[in-house]
Amino acid sequence: MIAIDGPAASGKSSTARAVAAALGFRQADSGALYRAATAARLRVAGAPESWTEDSVLDAARVVSVRPAAGVFEALIDGEVADAELRGAPVTAQVSRVAAMPGVRAWVNERMRECAAMGPIVVDGRDMGTVVFPGATLKVWLVASTAERARRRSAELLGRMPSEEEHVLEAAQLEARDARDSRQSQPAADAVRIDTTLLTPEEQAARIVALARQRL
Ligand code: CDP
Ligand code: CDP
């Protein structure tokens, strides 16, 4: 079990997937489950300010997790909905949903079910602290806000962002980090890796090397 946590767009999911592929593990992204619960609730009517925990958990009954090659997929109504999960409406509301204790318990239970199915790389904010405190290796990934905003905008836009788009994305990432701060702390025994100046391949290779030392 390898746990990779860190702030928004620090490279957790793509790195976790690469590390899982190198080790022959599966990857499970807890953020995708918070996003799927949020997306499922958004499909039901009602202003987000008035969402209750019960209404989110009720909506989330259509969310499931399916083991696939190298990854656990989060599904809504049995279907992959990645564009919806990554879209702006979900990103704007996901921290509100993630602050609900019952939703956290629901996600944690799904993650433990995934972990019971075999060797796994999990990623999120509190995998190494709350959900899997006994993980063999815990990594806390960080990168400068400017670099994280560049990466996330490039991913969402499919091109380099303009100066204006970059500044807006950076502000949104920092606002989300602030809203997520309660459940987003490194474990005392986590290895901190700053990826600002690393390539995706370099950061994955470092974690694979650390994992091989410990496994
Ligand atoms: O990819 P990015 O880092 O932008 O976000 P994510 O990992 O997809 O997570 C989306 C949201 O879910 C975060 O902004 C948190 O509000 C919440 N989350 C959480 O509270 N705890 C986790 N373990 C993972 C995600
Ligand atoms: O899961 P999280 O939000 O932490 O990040 P991600 O979605 O895995 O990564 C955000 C984007 O940064 C992806 O498009 C990565 O390919 C890219 N990236 C990276 O993770 N590390 C680098 N050194 C350079 C780019």
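When a ligand or atom number is given, it counts from 1 through the structure's own listing order. For this chain, numbers begin at 1 and follow the sequence in order. As the structure is a computational prediction, the values presented were derived from the model and not from experiment.
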Within a reach of under 6.0 Å around CZ of R182, are more than 12 heavy atoms found that belong to other residues, nucleotides or ligands? no

What atoms of ligand 2 come closer than 4.0 angstrom to any heavy atom of L198? 22 (C), 23 (N)

So which bit of Q203 gets within less than 4.0 Å of ligand 2, heavy atoms only: side chain, backbone, both or neither? side chain

Quiz: residues 113-125 side-chain donor-acceptor pairs under 3.5 angstrom, not counting sequence neighbours:
residue, atom, partner, partner atom, Å
E113, OE1, R110, NE, 3.2
E113, OE2, R110, NH2, 2.9
D123, OD1, Q27, NE2, 2.8
D123, OD2, S13, OG, 3.0

Taking only heavy atoms of the protein into account, state which residues are under 4.0 angstrom from an atom of ligand 1, in chain and number order. A8, A9, K12, S30, G31, Y34, R35, R86, V94, S95, A98, R104, G124, R125, D126, M127, R152, R176, D180, Q183

How about R206: does its CZ atom have over 12 heavy atoms from other parts shown lying under 6.0 Å from it? no

Please report, to 0.1 Å, the donor-acceptor pairs under 3.5 Å made by any side chain of residues 161-168, with sequence neighbours excluded.
residue, atom, partner, partner atom, Å
S162, OG, E165, N, 3.1
S162, OG, E165, OE1, 3.3
E165, OE1, R159, NH1, 3.0
E165, OE1, S162, N, 2.7
E165, OE2, R159, NH2, 2.9
H166, NE2, A146, O, 2.8

Ligand 2 to T15 polar contact by distance, N or O atoms, under 3.5 Å: no

In Å and rounded to the nearest 0.5 Å, what is the OG to CZ distance from S30 to F132? 8.5 Å

Only counting residues at least two apart or in another chain, list the ones meeting side chain to side chain contact (heavy atoms under 4.5 Å, CB included) with P7. S10, W140, V142, R148, D177

Test side chain to side chain contact (heavy atoms under 4.5 Å, CB included), reference T195, set R151, K12, E202, output is R151

